Protein chains: 2
Amino acid sequence: MSDLTRTFAALSDPTRLSLVETLIRRGELPAGDLVAEAAISAPAISRHLKVLREAGLVEQRAQGTHRFYAVRPEALRAIVDWTMDHRAFWSTSLDRLDTLLALDPGEGER
Amino acid sequence: MSDLTRTFAALSDPTRLSLVETLIRRGELPAGDLVAEAAISAPAISRHLKVLREAGLVEQRAQGTHRFYAVRPEALRAIVDWTMDHRAFWSTSLDRLDTLLALDPGEGER
DNA sequence: CGGTTAATTAACGCAAGTGTTAATTTATGG
DNA sequence: CCATAAATTAACACTTGCGTTAATTAACCG
C-alpha cells in the first residue's frame, strides 16, 4: 500500500475524519478531549489515533500523562499534490479554483 | 458514512487508485482493457469498478457487450473542495500552491 | 440457432477493521 | 509509598473487504 492509499485509508473512517477535522479546527488537543467529543470509548479513539499517526496524518506530543495530538500539514499536502497532479482532468475550467483562491484565507501572511 | 469518507475509502485500495489513475491518463476505457493491465482476475476488477461507481468516482457507459468506464471529475473536485476548506491550515504560505498553478497544466503536462 | 466473447454475480475462504470491557503502563500528588 | 488519572494494550466478538473459481447474463456473429 502506497503512502497515498494509506492516507486515504486513514480518512475513510467517519470517526477518523472527524478527529482530523476537530484537530484542524481546534488545534493541538490531548487524547482525552477527543474522547470527550466522540461517541465511542477511549480505547477505540486511541486506536483510531494510532492509525492516523501511522499514516502520518497526526503527530503525538507527550506531556506528563497527557498525549497531545495535532494534524501534520504535510499529510494534507500529499492529497493536494495528488489532486493537483490531475488538475488538468478535473478542472475543465478554472472557475471553481479561481473562486476558492479568491477567498484567499491566507490573506494575512503571503 | 459521508460521501467524502466514501470517496476516500474508494481510493484507499491500491488497485482502485491505480484504476482511477489509468482512466485519468488514458481516458474512457472498457472493463476488459482495465483487466488486461491488472494483476488480478476479471471478477475482482469488476467489483472494484462497482465500488468506484457506487462512490461516484467513475461512471459506466454500455455499448454492446462492452462497459466503458470513465472518471467523474466532480468526484475529484469533492476532494479538492475539502482540502481547500482547510487550506489555511495546511498552506502556511502560498508558495507551493503558487508553484503548482504556475505550471499551468493546460499546456503540456508532467 | 448455437457458439463465443465481455462482463458481472454467486459462493466460498481468509485477512483486516472496529467496537467492547478488562488489564496494564506511566505519571501525578497527598 | 499508595491511590488516582490518562492513555494504551490485550482479548474477544462481529462485520467488512478482497481474492479465487464457477456459474450466469447479455450481445454479437457465422
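In this text, all values refer to a predicted model and were calculated from it rather than measured experimentally.
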>> Any side-chain to backbone donor/acceptor pair from R72(B) onto G56(B)? Under 3.5 Å, distance only.
In response: yes

> More 5' along DNA chain D: V51(B) or Y69(A), using each one's nearest nucleotide?
Replying inline: Y69(A)

> Considering only side-chain heavy atoms of S46(A), which listed nucleotide, dA27(D), dT9(D), dT21(D), is closest?
Replying inline: dT9(D)

>> Counting distance alone, no hydrogens or angles: does the base of dG19(C) have a donor or acceptor under 3.5 Å from a partner atom on the side chain of R47(A)?
In response: yes

>> How many whole angstroms separate atom CG of D33(A) from atom P of dA6(D)?
In response: 10 Å

>> Given dT5(C), dT9(D), dA7(D), identify the nucleotide with an atom nearest to the side chain of P43(A).
In response: dT9(D)

> Within this structure, what is the CG-to-P distance between L17(A) and dT18(C), rounded to whole angstrom?
Replying inline: 13 Å

> Between D33(A) and R26(A), does a side-chain contact (heavy atoms from CB on, under 4.5 Å) hold up when you go through it step by step?
Replying inline: CA-CA 11 Å; D33(A) 285 25; R26(A) 301 181 46 195; 4.1 Å; yes

> In whole angstroms, how far is the P atom of dG19(C) from the NZ atom of K50(A)?
Replying inline: 15 Å

>> Under 4.0 Å from OP1 or OP2 of dG19(C): is there any side-chain N or O of H48(A) that close?
In response: yes

>> Expressed as a whole number of angstroms, how long is the span from H66(B):NE2 to dC29(D):P?
In response: 9 Å

> Closest approach of W90(B) and R77(A), non-hydrogen atoms and distance?
Replying inline: O-NE, 3.0 Å

>> Among dT8(D), dA5(D), dT8(C), which nucleotide has an atom closest to any side-chain atom of A42(A)?
In response: dT8(D)

> Does the pair T7(B) and L76(B) meet the rule for a side-chain contact (heavy atoms from CB on, under 4.5 Å), with working shown?
Replying inline: CA-CA 9 Å; T7(B) 299; L76(B) 297 191; over 6 Å; no

> Is any side-chain heavy atom of F8(B) less than 4.5 Å from a side-chain heavy atom of I79(B)?
Replying inline: yes

> I40(A) CD1 to dT8(D) C1': how many Å, rounded?
Replying inline: 15 Å

> Roughly how far, to the nearest 0.5 Å, is the OG1 atom of T83(B) from the CZ atom of F89(B)?
Replying inline: 13.0 Å

> Nearest of dT21(C), dT5(C), dT8(C) to any side-chain atom of R67(B)?
Replying inline: dT8(C)

> For E54(B) and dC18(D), what is the distance between atoms CD and P respectively, to the nearest whole Å?
Replying inline: 12 Å

>> Side chain of T65(B) only, heavy atoms from C-beta on: which candidate in dT18(C), dA26(D), dT20(C) is closest?
In response: dA26(D)

Atom pairs and distances, side-chain donor-acceptor, residues 15-23 of chain B, under 3.5 Å, sequence neighbours left out:
unit_1 : atom_1 : unit_2 : atom_2 : d
R16(B) : NE     : A10(B) : O      : 2.8
R16(B) : NH1    : H48(B) : ND1    : 3.1
R16(B) : NH2    : A9(B)  : O      : 3.2
E21(B) : OE2    : W82(A) : NE1    : 2.7
T22(B) : OG1    : S18(B) : O      : 3.0

> Which heavy-atom pair separates H66(A) from P30(A) by the least distance, and what is that distance?
Replying inline: ND1-CB, 4.1 Å

>> Distance check needed: dT8(D) C1' versus I45(A) CD1, whole Å only.
In response: 13 Å

> Tell me: CG of D13(A) to C1' of dG19(C), nearest whole Å?
Replying inline: 11 Å

> Reckon Q63(A) touches a base, only the sugar-phosphate, or nothing at all at heavy-atom distances under 4.0 Å?
Replying inline: nothing

>> At 10 degrees resolution, what angle do the end axes of the helix from dC1(C)-dG30(D) to dG30(C)-dC1(D) form when each is taken over five base pairs?
In response: 10°

> A31(B) near the nucleic acid: base, sugar-phosphate alone, or nothing, with a heavy-atom cut-off under 4.0 Å?
Replying inline: sugar-phosphate

